[in-house]
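Here the structure comes first, spelled out in structure tokens, and everything after it is commentary.
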Amino acid sequence: MGMTLTEKILSAHLVEGEPVKGTEIGIKIDQTLTQDATGTMAYLEFEAMGVPRVKTERSVAYIDHNTLQSGFENADDHRFIGSVAKKHGIYFSRPGNGICHQVHLERFGIPGKTLIGSDSHTPTGGGIGMIAIGAGGMDVAVAMGGGTYYITCPKVVKVNLTGKLQPWVAAKDVILEVLKRLTVKGGVGKVIEYTGEGVKTLSVPERATITNMGAELGATTSIFPSDEVTREFLKAQGREEVWTELKPDADAVYDETVEINLSELVPLAACPHSPDNVKSIEELAGQKIDQVCIGSCTNSSLLDMMKVAYILKGKTVHPDVSLAIAPGSKQVLNMLANNGALAIMIDAGARILESACGPCIGMGQSPNSKGISLRTFNRNFEGRSGTKDGQIYLVSPETAAVSALTGVFTDPRTLGAAADITLPEKFTVNDNMIVPPVSAEDMDSVEVLRGPNIKPFPVSEPLAETIDAKVSLKVGDNITTDHIMPAGAKILPLRSNIPKISEYCFAVCDEKFHDRALEMGKSVLIGGSNYGQGSSREHAALAPLYLGVKAVITKSFARIHMANLINAGIVPLTFINEADYDKIDQTDEIKIENIGKQIAAGNVIKATDVTKGFDFELNADFSDRQKEMLYAGGLLNYTKQNA
Ligand code: MIC
Ligand code: SF4
């Protein structure tokens, strides 16, 4: 039987388990990346492991999230990461060099390799045929130390692309169409593999937009084949030698198939407050807008920026609209500066931002109250922009740029004939903002620089015999990590300080949560389905850990967050009978007796709502490795025990 591309790469990296779908497998990781907002924790964890030098083929530390530096915290964290990287064998991409996923695609990604990154949009690397997966910081630390990375062996979904995009319809519209069909839960436990005749009509940056935002499907990752288009891209980056051809076997068997005729797609938008709340721009046309932001790891490539410049050329931004543009990398910004496109943007009235995440993570450019903001980003969760009642729509750069001129939602197809914009034969390559590590012999000469913002992470205890605790919070479906541990300009600088950042835990849902949880001492959380979707931030597990949360009981979990909870020693459990969710209220006392023994004995465990006086069953479907981690009180304790 033929193999899918996903199966080929995974089996070439398999070090534990059998390639049986739904079971846990361990894979070897070739490359890692971190960004600064998750990186400080990841490197503290790496240091705690005591491995002197990274054992991967390539590890890169990027600074792209916390670049506002409105106090000493960010700059201290940058210094810490820079010095740790230098000492332990990690390349350091300095602030200003660009967004991790964009730069990694340009400068480091290699077809057929495995990559994990402490950022959920790591699947961007799937655009050049990598198995690139978002993970928690601890998992990345372990992989840097040469440890195995564990995932549930995924199902593989074939997205068969036919036809060709019509003028002004974009790669963003492809992934929005996939999100509309599969929803934000549709990809859980699956890899989305793009195949078919339509693949060759898409450039690498377009493919990367699609794999990047595949994160919003909840998918393990997304991947494109590595073909002549990939070779041309890598050649233009001066890296043709890393190219290999990669494709699925002709008789590969997929678990599901989705058919997409590119020729039939139209410009789309994800409406507030979910990436799968998709409508056509035609339906929204004419509605007034307040802001447009172009950039983020989804849509900040040179190709995207050139299309934007083409649309803005000789025009002026609508008087009621603020337009912000953040090119994705130094390479992109540099090339725009040299070819005149940057001048066109400035001329039109765009506010040019540094090459970083910026407004995508609420680092500035929050819209006005109730403001309608069109963004080329990947997430429009409530409050993420920094304005609680901001109305964020996710669109293509083409739709964003033309709407910035008209002041209303505008279908870019009204622009008429297609713009003739192709990738350059050669990108401008200058890696002078990437600092290589010192050699192993010289590592002792590097001092690791720690600022006062860096606090030790919370200690987790081995699993108690019985969990007997009150429900400190009950929430609904699709709770994101932006609800659990919000980001934004005020909170992100506290990423290295768990006690302090915990004050904001769940503040979007309930401002009193922090105090209540502390008062209860230990507690349990109740959630709906797809709990913890979105980012990879382990802070969404570490803050609850600090606040005494012992177990999280939901209808279902998102992949990375569930792994982060186990890594933190918090027990993630799901209702066998979803109706039990409705019966439990906040402040109810929940008792799970002999929890360790129950977990060891089987997949179904018994719990009691002491307040209401009823028993209910919970699913505790863990691998042996996960069980061991839970008994030990998390990955760090487990690793120390086994060392
Ligand atoms: C995001 O887009 O939500 C982030 C900020 O990049 C996160 C990582 C983080 O919270 O630091 C992610 O996607 O994993
Ligand atoms: Fe940065 Fe936004 Fe991409 Fe997250 S989604 S890595 S915040 S640009």
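When a ligand or atom number is given, it counts from 1 through the structure's own listing order. On a predicted model such as this, the values are computed, not experimentally measured, just so you know.
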**Asked** Below 6.0 angstrom between ring centroids: does that apply to Y62 and F92?
**Response**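 No; F92 has its ring centre 6.0 Å or more from that of Y62.
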**Request:** Taking the six-membered ring for Trp and the single ring otherwise, decide whether the centroids of H514 and F506 are under 6.0 Å apart.
**Result:**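 H514 vs F506: aromatic centres not under 6.0 Å.
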**Request:** Would you confirm whether N530, through its side chain, and N478, through its main-chain N or O, come within 3.5 Å as a donor-acceptor pair?
**Result:**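 Flag not set: sc N530 to bb N478 has no pair under 3.5 Å.
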**Asked** Taking E47 for the side chain and V84 for the main chain, is one N or O donor matched with an acceptor at less than 3.5 Å?
**Response**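 Here the side-chain-to-backbone pair does not exist.
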**Item:** ring pair (Phe, Tyr, Trp, His ring centres under 6.0 Å) partners for H483, two or more places apart
**Value:**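 Partners of H483 by the ring pair (Phe, Tyr, Trp, His ring centres under 6.0 Å) criterion come out as none, since no residue qualifies.
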**Item:** Candidate pair S496 and E73, rule side chain to side chain donor-acceptor pair (under 3.5 Å), full reasoning
**Value:** CA-CA 9 Å; S496 317; E73 293 90 347; over 6 Å; no
**Asked** Does NZ or CZ of R58 come closer than 6.0 Å to the centre of the six-membered ring of Y91, within 45° of the ring's axis?
**Response**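 Yes, a cation-pi geometry.
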**Request:** At a cut-off of 2.8 Å, list the protein N/O/S atoms near atom 3 (Fe) of ligand 2, residue plus atom name.
**Result:**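 Within the sphere that stays under 2.8 Å of atom 3 (Fe) of ligand 2, the protein atoms of type N, O or S are C297 SG.
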**Asked** Can you name the residues that form a side-chain hydrogen bond (donor to acceptor under 3.5 Å, both in side chains) with D431, not counting sequence neighbours?
**Response**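 D431: side-chain hydrogen bond (donor to acceptor under 3.5 Å, both in side chains) contacts with R107.
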**Message:** Taking 4.0 Å as the limit for heavy-atom contacts, which would you say applies to R379 with ligand 2: side chain only, backbone only, both, or neither?
**Reply:**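 Near ligand 2, R379 shows nothing, with every heavy atom at 4.0 Å or more.
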**Message:** How close do R384 and R537 get, counting heavy atoms only, and between which atoms?
**Reply:**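 Here R384 and R537 meet closest at NH1-NH2, 3.8 Å.
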**Message:** Residues around ligand 1, heavy atom under 4.0 Å from any ligand atom, sorted by chain and number. Can you pull those?
**Reply:**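 Around ligand 1, where the cutoff is 4.0 Å for heavy atoms, the contacting residues are Q35, A37, T38, H65, D119, S120, H121, I361, R379, R384, R495, S535, S536, R537.
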**Prompt:** Which heavy atom of the protein is the closest neighbour of atom 4 (Fe) of ligand 2, given with residue, atom name and distance?
**Reply:**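 Its nearest protein heavy-atom neighbour is H65 NE2, 3.8 Å.
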**Request:** Look at the rings of H561 and Y531 and say which category their plane angle falls in: under 30° parallel, 30 to 60° tilted, over 60° perpendicular.
**Result:**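 The rings of H561 and Y531 sit tilted, inter-plane angle from 30° to 60°.
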